[in-house]
There are 2 protein chains.
Amino acid sequence: MIQLHQFRLSPFSRKVRLVLAEKKLEVELIDEPYWEAAPEFLRRNPAGKVPVLRIDGLTLPDSGAICEYLEETVPEPALMPKEPAARAEVRRLVGWFDDKFHQEVTSKLVYERINKKLTRQGYPDGANVKSGVKAIRFHLDYMGWLLDRNRWLAGAEMSLADFAAAAHLSCLDYSSDVDWNRNQAVRDWYAKIKSRPAFRSILADVVPGFRPAGHYADLDF
Amino acid sequence: MIQLHQFRLSPFSRKVRLVLAEKKLEVELIDEPYWEAAPEFLRRNPAGKVPVLRIDGLTLPDSGAICEYLEETVPEPALMPKEPAARAEVRRLVGWFDDKFHQEVTSKLVYERINKKLTRQGYPDGANVKSGVKAIRFHLDYMGWLLDRNRWLAGAEMSLADFAAAAHLSCLDYSSDVDWNRNQAVRDWYAKIKSRPAFRSILADVVPGFRPAGHYADLDF
């Protein structure tokens, strides 16, 4: 059985769960309190981060490496185009969300509001929250700009880029940090991806002590 | 002609330069003061980061996406193994250096000492420098641990992981932040990679106003 050591509100864990589900790979989810840095967990991933995937007798850390591995070993359905330039665009956008968006938005809102409390690191930092609230507007506009040009974020076909973005947005939606009225194209895109069977397990996630936004699991939001 | 918009002490730019040189692709280097966020540059890469590669009529941002593109379009010499599990290990380590190492070490030392001054953001933050000095020891030990097991960081063959690591260490060596006496295996590995023809242009780099460490360009250091 495939096992995923994860945290429910980690966008990197969610991206891998979406990819596993799209590829119809059943997985056992193991909640990992990564902040406690248990020796057993650090042995699996010295970086001390989730997700870590156990598959094919391997222990794979790093969500980027995991997704490329799944794409190489379970090619159908394809979540990357075939052509190198189109693949570069998918990877650029995965990097955009997992690096820039994560740093400017997810870490400033979800981490401040939820992870910090959960890991007993104190109260949200107001300046961080303010900067995240400002940054998400720019990012939603940029996504809208991309979606005015393409059906999916990186082109005509759904790809890893959409799952990376949806993973972050779903965490932010949990903490009520997405203004779905800002951009209709982004809202339509999220409604489309949210209604996929792969999304079900994510919509069922609950982090004890933190209730999701009222519309979090609604397909019609 | 291939063009690379870069910053001389950007580890991400250096990684791409090493890959281009190993694959014997000639490139015109264009110094990009990315911190000035020129509209023309932001049009090429809305993330506002270097490097950006212009190749095959394309404009490619994101060093990770660029390296994968080069590996796919110019397969020889191969800088990634063929087998999916071995590829995952290369990508895990590229992520290790470009994410964890960058955040804990490069940004705390090179950026504090050089980039900050260059971009007129003030003086180095003593707490950051202290944390970088401490973190690099752990990272050199981890590299030593890997190199006790394998000839190169990710296995028996030289790979992208070695170039990612060498790109960061070369920037840190420029600012005299590497204690080469800490780990003999790491020193031997760096001597090997530093003596490759691909490294020459990096050893010739000078950032005006900042002299490199005395041994920076010595192959015998």
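Throughout, protein chains are lettered first and strands after them, A, B, ... in sequence-line order, and every chain is numbered starting at 1.
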Student: Pick whichever of B:A85, B:G48, B:G64 has the most heavy-atom pairs under 4.5 Å with chain A.
Tutor: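 So the answer, after comparing B:A85, B:G48, B:G64, is B:A85.
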Student: Could you tell me which of B:A88, B:P84, B:G95 has the largest number of non-hydrogen atom pairs under 4.5 Å with chain A?
Tutor: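 Option with the greatest count: B:P84.
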Student: Side chain from CB out, backbone as N, CA, C, O: work out which of these in A:R92 comes under 4.5 Å of a heavy atom of chain B, or both, or neither.
Tutor: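 It is both, since atoms from each part get that close.
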Student: Please classify the contact between A:D99 and chain B as side chain, backbone, both or neither, with a heavy-atom cut-off of under 4.5 Å.
Tutor: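 For A:D99, the contact with chain B is made by the side chain alone.
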Student: Would B:F163 and B:H168 count as a close aromatic pair, with their ring centres under 6.0 Å?
Tutor: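 No, the ring of B:F163 stays outside the 6.0 Å limit from the ring of B:H168, centre to centre.
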Student: Is the shortest heavy-atom distance from the side chain of A:E22 to the side chain of A:R196 under 4.5 Å?
Tutor: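 In contact.
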Student: Once you measure the plane-to-plane angle for B:H5 and B:F41, does it fall in the parallel (<30°), tilted (30-60°) or perpendicular (>60°) bin?
Tutor: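 Ring orientation of B:H5 relative to B:F41: tilted.
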Student: Any salt bridge linking B:D162 with B:K192? Criterion: basic side-chain nitrogen under 4.0 Å from a carboxylate oxygen.
Tutor: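 B:K192 and B:D162: not salt-bridged.
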